[in-house]
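First comes the structure, then the notes that go with it.
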Amino acid sequence: MSVAILDYGMANLRSVQKAFACVGSEAVIISRPEEIDRAERLVLPGVGAFRDAIATLRERNLAEAILRHINRGKLFLGICLGLQLLCDVGFEDGEHRGLGVIPGRCVRFDVDSALGLKVPHMGWNQLTARKESRLLADLPPGCSVYFVHGYHVVPADAAVIATETDYGRPFVSSIQRDNVMATQFHPEKSQRVGLKILANFAGM
Amino acid sequence: MLTKRIIPCLDVDRGRVVKGVKFFDHVDAGDPVAQARKYQEDGADELVFYDISASHEGRQIMADLVAQVMDEIFMPLTVGGGIRTLDDATRLIQAGAEKVSLNSAAVKNPTLIAEVARKFGRCATVLGLDANRVTKDGVETWEVFINGGRVGTGIRVMDWIKKAEELGAGEIVLNAMNADGTTAGYDIEMTAAVSDAVKIPVVASGGAGSPEHMLDVLTKGCADAALAASIFHFGTYSIGQVKEFLAGHGVSIRLI
């Protein structure tokens with residue numbers, strides 16, 4: 001099994017699955033903790049609210065299985081909410097404890113509306129590399145990817161930051177720490193650039 | 001820097017594109033998958049499918065169609081038209097739509113906006129709005145219309161957009177009926193007023209006839225995105241031509 005995509009009822013997984021298929025990688029959709037334990041590469045996608053997502057992951061015993069997967073050094077890719085859930089704490093509709101994989105917080109965009117900036121941050125925006133990352137290898141310089149989110153992560157340790165993106169000021173658009181990788185943008189919606197990122201993950 | 005989005009809109013009736021462009025002889029102008037693929041190659045930033053099917057059967061076809069398109073197209077898709085219930089929205093999002101656009105049903109039952117936003121997040125919840133300039137006793141108001149623009153509601157545009165934002169809409173597609181189909185340009189004044197009044201992105205729709213119109217609405221109109229149908233469908237301008245023009249005039253645009 002090359003790539004396993006976790007279904008916890010929060011996202012359309014089909015587009016992620018088809019995007020992997022498009023780059024020649026078979027991806028299976030899984031939903032049980034024991035399936036996570038068997039996975040080599042785990043993808044945690046996600047749309048929707050932080051609170052509902054983390055509650056569902058805990059209820060179904062998926063949260064501990066994800067932590068086991070990561071602690072064993074196996075490859076992990078979080079997408080959008082799948083990045084945000086890695087934090088210690090999220091501030092969407094109250095204060096909610098996250099998975100605590102990446103020390104840090106998930107906070108709402110505080111942008112200057114005088115600059116005409118809107119929330120959600122929605123559309124195509126550029127990546128600025130902050131370090132080498134295998135996930136983002138061989139991308140065209142200054143390439144754009146598709147974002148749609150009202151919250152963003154603030155890691156406690158800047159060393160995990162793989163890319164930043166400018167929206168009034170720079171925010172963290174992807175992270176990598178060893179086997180743990182996650183993007184705030186949607187590779188599966190980012191046309192050619194996004195497909196390359198998924199191919200990189202599948203090829204590690 | 002966030003780029004301005006250029007969004008072609010395809011009218012779909014019972015699974016077929018109506019008024020689709022014939023880009024090349026080998027592209028079936030009525031086939032939504034072929035059309036979507038072509039627009040992706042041309043550099044469209046998003047796609048909108050607008051369901052004009054009147055029947056329940058037509059709507060079921062739409063959900064199947066979205067799944068089929070999303071198997072091949074790796075870009076955001078918004079589906080609008082005839083979404084009446086949370087179940088309708090759920091079916092389309094589960095099929096792979098990134099966002100659903102709520103129009104008449106949201107006016108009749110505003111809590112639909114809150115329901116969709118609660119389930120799928122603000123980012124997936126779009127308010128579609130048909131607005132028209134109406135003059136009565138010498139006084140002009142901007143009024144919300146429903147049922148494909150056929151029925152006036154007496155609701156003021158500026159009131160409705162603020163309410164929709166409060167309820168959980170994450171984006172507004174403003175279709176200015178007075179400009180729609182004219183290819184004489186977007187309603188710049190109305191778009192700017194709407195964009196200024198809310199903190200969520202605004203997509204301008206209705207009236208695009210040239211790249212200059214798009215430049216105007218993205219600059220003076222303060223729109224975050226420009227939607228167009230006929231100028232792309234009839235091949236008057238390609239997405240690439242429009243984007244080159246906009247980039248040349250200093251608009252932040254994604255070029256491929």
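A note on names: the letters A, B, ... follow the listed sequences, proteins ahead of strands, and every chain is numbered from 1. Note that these values count all heavy atoms, side chains included, but never hydrogens, waters or copies made by symmetry.
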With the threshold set at 4.0 Å, does a side-chain nitrogen-carboxylate oxygen contact exist between A:Asp52 and B:Arg118?
yes

Please classify the contact of A:His121 with chain B as side chain, backbone, both or neither, using a heavy-atom distance under 4.5 Å.
side chain

Rounded at 0.5 Å granularity, tell me how far SG in B:Cys123 sits from OH in A:Tyr151.
10.0 Å

Examine whether an atom of A:Arg169 lies under 4.5 Å from a heavy atom of chain B, and if so say whether it belongs to the side chain, the backbone or both; otherwise answer neither.
neither

Using only non-hydrogen atoms and a strict under-4.5 angstrom cutoff, which residues of residues 86-94 of chain B touch chain A?
B:Ile93, B:Gln94

Is it the case that the side chain of A:Lys118 and the backbone of B:Ile200 share a donor-acceptor pair, with hydrogens and angles ignored and the cut-off at 3.5 Å?
yes

Return the CZ to CE distance between B:Arg122 and A:Met122, rounded to the nearest 0.5 Å.
10.0 Å

Could you state the interatomic distance from OG (A:Ser15) to CG (B:Asp71), rounded to the nearest 0.5 Å?
9.5 Å

Which residues share a side-chain contact (heavy atoms from CB on, under 4.5 Å) with B:Asn109, sequence neighbours left out
B:Thr111, B:Leu112

Look up atom OH in A:Tyr167 and atom CE in B:Met1, then write down how far apart they are to the nearest 0.5 Å.
10.0 Å

What residue, out of A:Thr165, A:Asp166, A:Val119, has the most heavy-atom pairs lying under 4.5 Å from chain B?
A:Val119

Proximal component of B:Lys99, with respect to chain A [non-hydrogen, under 4.5 Å]
side chain

Take atom NZ of B:Lys163 as the centre, draw a 6.0 Å sphere, and report whether it contains more than 12 heavy atoms from other residues, nucleotides or ligands.
no

Please flag which part of B:Ala225 lies under 4.5 Å from any non-hydrogen atom of chain A: side chain, backbone, both or neither.
neither

Most heavy-atom pairs under 4.5 Å with chain B, out of A:Val148, A:Asn125, A:Asp93, belong to A:Asn125

Between A:Trp124 and B:Asp45, is there a donor-acceptor pair closer than 3.5 Å when you use the side chain of the first and the backbone of the second?
yes

In residues 165-175 of chain B, which residues are in contact with chain A at a heavy-atom separation under 4.5 Å?
B:Gly170, B:Glu171

Residues in residues 188-196 of chain A near chain B [non-hydrogen atoms, under 4.5 Å]
A:Glu188, A:Lys189, A:Ser190, A:Gln191, A:Arg192, A:Leu195

